[in-house]
Amino acid sequence: QVQLVESGGGSVQAGGSLLLSCAASGASDRRICMAWFRQVPGNEREGFARINTARGTADYAVSVKSRFTISLDKAKNTVSLQMNSLTPEDTAMYYCAAHSFCYTSSSSSLSRYSYTSWGQGTQVTVSS
């Protein structure tokens, strides 16, 4: 089975930066595709960044493409998320997710239904 543990969340002021990490372990063939999601209470969980750990390719939602960067440290089995120019709208619980493969269609790549393993989440709060 796959275990995912997020870390690095906290409170920052608008315009600041934050680095999140997702440590993965177990069933390596079930975590080829890894992604970051975020959720505000009352809203659906939304994906915004994905990386194919086998091919090294990354994809982003338009809303974060110019500000966030997803990367892989293969030796440490860790996927990181560098977040810059944060705004209060970025406040949410951030989750790491994984699946055995990455879908190629844009409609499925960042869908919560495309992932089978999830971390417990780490809170990010951006104040003005």
Side-chain angles (χ1 to χ4, degrees):
Q1 302 302 319
V2 174
Q3 294 82 45
L4 305 174
V5 181
E6 303 95 336
S7 62
S11 299
V12 297
Q13 291 187 317
S17 299
L18 205 60
L19 176 65
L20 304 185
S21 296
C22 174
S25 61
S28 60
D29 60 337
R30 294 191 178 190
R31 48 183 170 88
I32 301 300
C33 191
M34 299 188 68
W36 284 98
F37 286 71
R38 61 187 182 184
Q39 185 172 28
V40 177
N43 293 350
E44 293 186 354
R45 190 169 299 187
E46 299 180 336
F48 58 87
R50 180 192 74 172
I51 187 167
N52 184 322
T53 63
R55 302 182 64 182
T57 54
D59 301 284
Y60 303 90
V62 175
S63 61
V64 308
K65 189 173 183 179
S66 63
R67 300 185 297 123
F68 294 4
T69 302
I70 187 171
S71 61
L72 169 70
D73 187 331
K74 198 170 185 177
K76 297 181 179 179
N77 288 316
T78 299
V79 172
S80 298
L81 179 71
Q82 178 65 53
M83 304 187 292
N84 298 322
S85 301
L86 289 165
T87 73
E89 287 67 41
D90 293 316
T91 295
M93 184 72 78
Y94 283 68
Y95 298 90
C96 181
H99 190 54
S100 58
F101 61 90
C102 284
Y103 290 89
T104 58
S105 65
S106 59
S107 62
S108 300
S109 63
L110 294 174
S111 169
R112 62 188 174 94
Y113 300 110
S114 298
Y115 297 85
T116 52
S117 299
W118 296 87
Q120 293 300 305
T122 184
Q123 179 67 38
V124 170
T125 301
V126 184
S127 62
S128 60

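Throughout, numbering of the chain's residues begins at 1 and tracks the sequence. Here the structure is a predicted model, which is why all the values come from computation and not from measurement.
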(request) Could you point out which residue of T125, V126, T91 forms a side-chain contact (heavy atoms from CB on, under 4.5 Å) with V12? (result)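 Only one option passes, and that is V126.
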Roughly how far apart are [X] [atom1] and [Y] [atom2], rounded to 0.5 Å?
| X | Y | atom1 | atom2 | result |
| --- | --- | --- | --- | --- |
| I70 | Q82 | CD1 | CD | 12.5 Å |
| R30 | H99 | CZ | NE2 | 9.5 Å |
| Y115 | L4 | OH | CG | 12.0 Å |
| L81 | T122 | CG | OG1 | 11.0 Å |
| F37 | L110 | CZ | CG | 6.0 Å |

Check whether [X] and [Y] end up in the same hydrophobic cluster, where Ile, Leu, Val, Met, Phe, Trp and Tyr are linked by side-chain heavy atoms less than 4.5 Å apart.
| X | Y | answer |
| --- | --- | --- |
| Y95 | L86 | no |
| V79 | V2 | yes |
| Y60 | L20 | yes |

(request) May I ask you to check whether W36 and F68 place their ring centres under 6.0 Å from each other? (result)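 No, ring centres 6.0 Å or more apart.
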(message) D59: which residues meet the side chain to side chain contact (heavy atoms under 4.5 Å, CB included) condition with it, sequence neighbours left out?
(response)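 Counting only residues at least two positions away or on another chain, D59 forms a side chain to side chain contact (heavy atoms under 4.5 Å, CB included) with R50.
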(message) Tell me every residue that passes side chain to side chain contact (heavy atoms under 4.5 Å, CB included) with S111, counting only those two or more places apart in sequence or in another chain.
(response)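 Expected list: Y113, S114.
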Side chain proximity check, [X] to [Y], heavy atoms < 4.5 angstrom:
| X | Y | answer |
| --- | --- | --- |
| V124 | R38 | no |
| T116 | S100 | no |
| T53 | R31 | no |

(request) Please name the pair of heavy atoms, one in P88 and one in A14, separated by the smallest distance, quoted to 0.1 Å. (result)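 For P88 and A14, the tightest heavy-atom pair comes out as CD-CB, 4.2 Å.
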(request) Specify the closest pair of heavy atoms between S109 and S106, including all atoms of both residues, with the distance to one decimal. (result)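 For S109 and S106, the tightest heavy-atom pair comes out as OG-O, 3.4 Å.
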(request) Please name all residues satisfying side chain to side chain donor-acceptor pair (under 3.5 Å) with R112, sequence neighbours left out, ordered by chain then number. (result)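 For R112 there are no side chain to side chain donor-acceptor pair (under 3.5 Å) partners, ignoring immediate neighbours.
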(request) Just grab all the side-chain hydrogen bond (donor to acceptor under 3.5 Å, both in side chains) pairs involving residues 1-10, residues at least two apart or on different chains. (result)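 Those involving residues 1-10 are Q3-S25.
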(request) Among residues two or more places apart or on two chains, list those pairs meeting side-chain hydrogen bond (donor to acceptor under 3.5 Å, both in side chains) that have a residue in residues 62-79. (result)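 Output for this query lists R67-D90.
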(request) Step by step, work out the side-chain contact (heavy atoms from CB on, under 4.5 Å) result for C33 and Y103. (result) CA-CA 9 Å; C33 191; Y103 290 89; over 6 Å; no
Please list, one pair per line, the donor and acceptor atoms closer than 3.5 Å that link side chains of residues 39-49 to other protein atoms, with sequence neighbours excluded.
unit_1 : atom_1 : unit_2 : atom_2 : d
Q39    : OE1    : R45    : NE     : 3.1
Q39    : OE1    : R45    : NH2    : 3.2
Q39    : NE2    : N43    : O      : 3.0

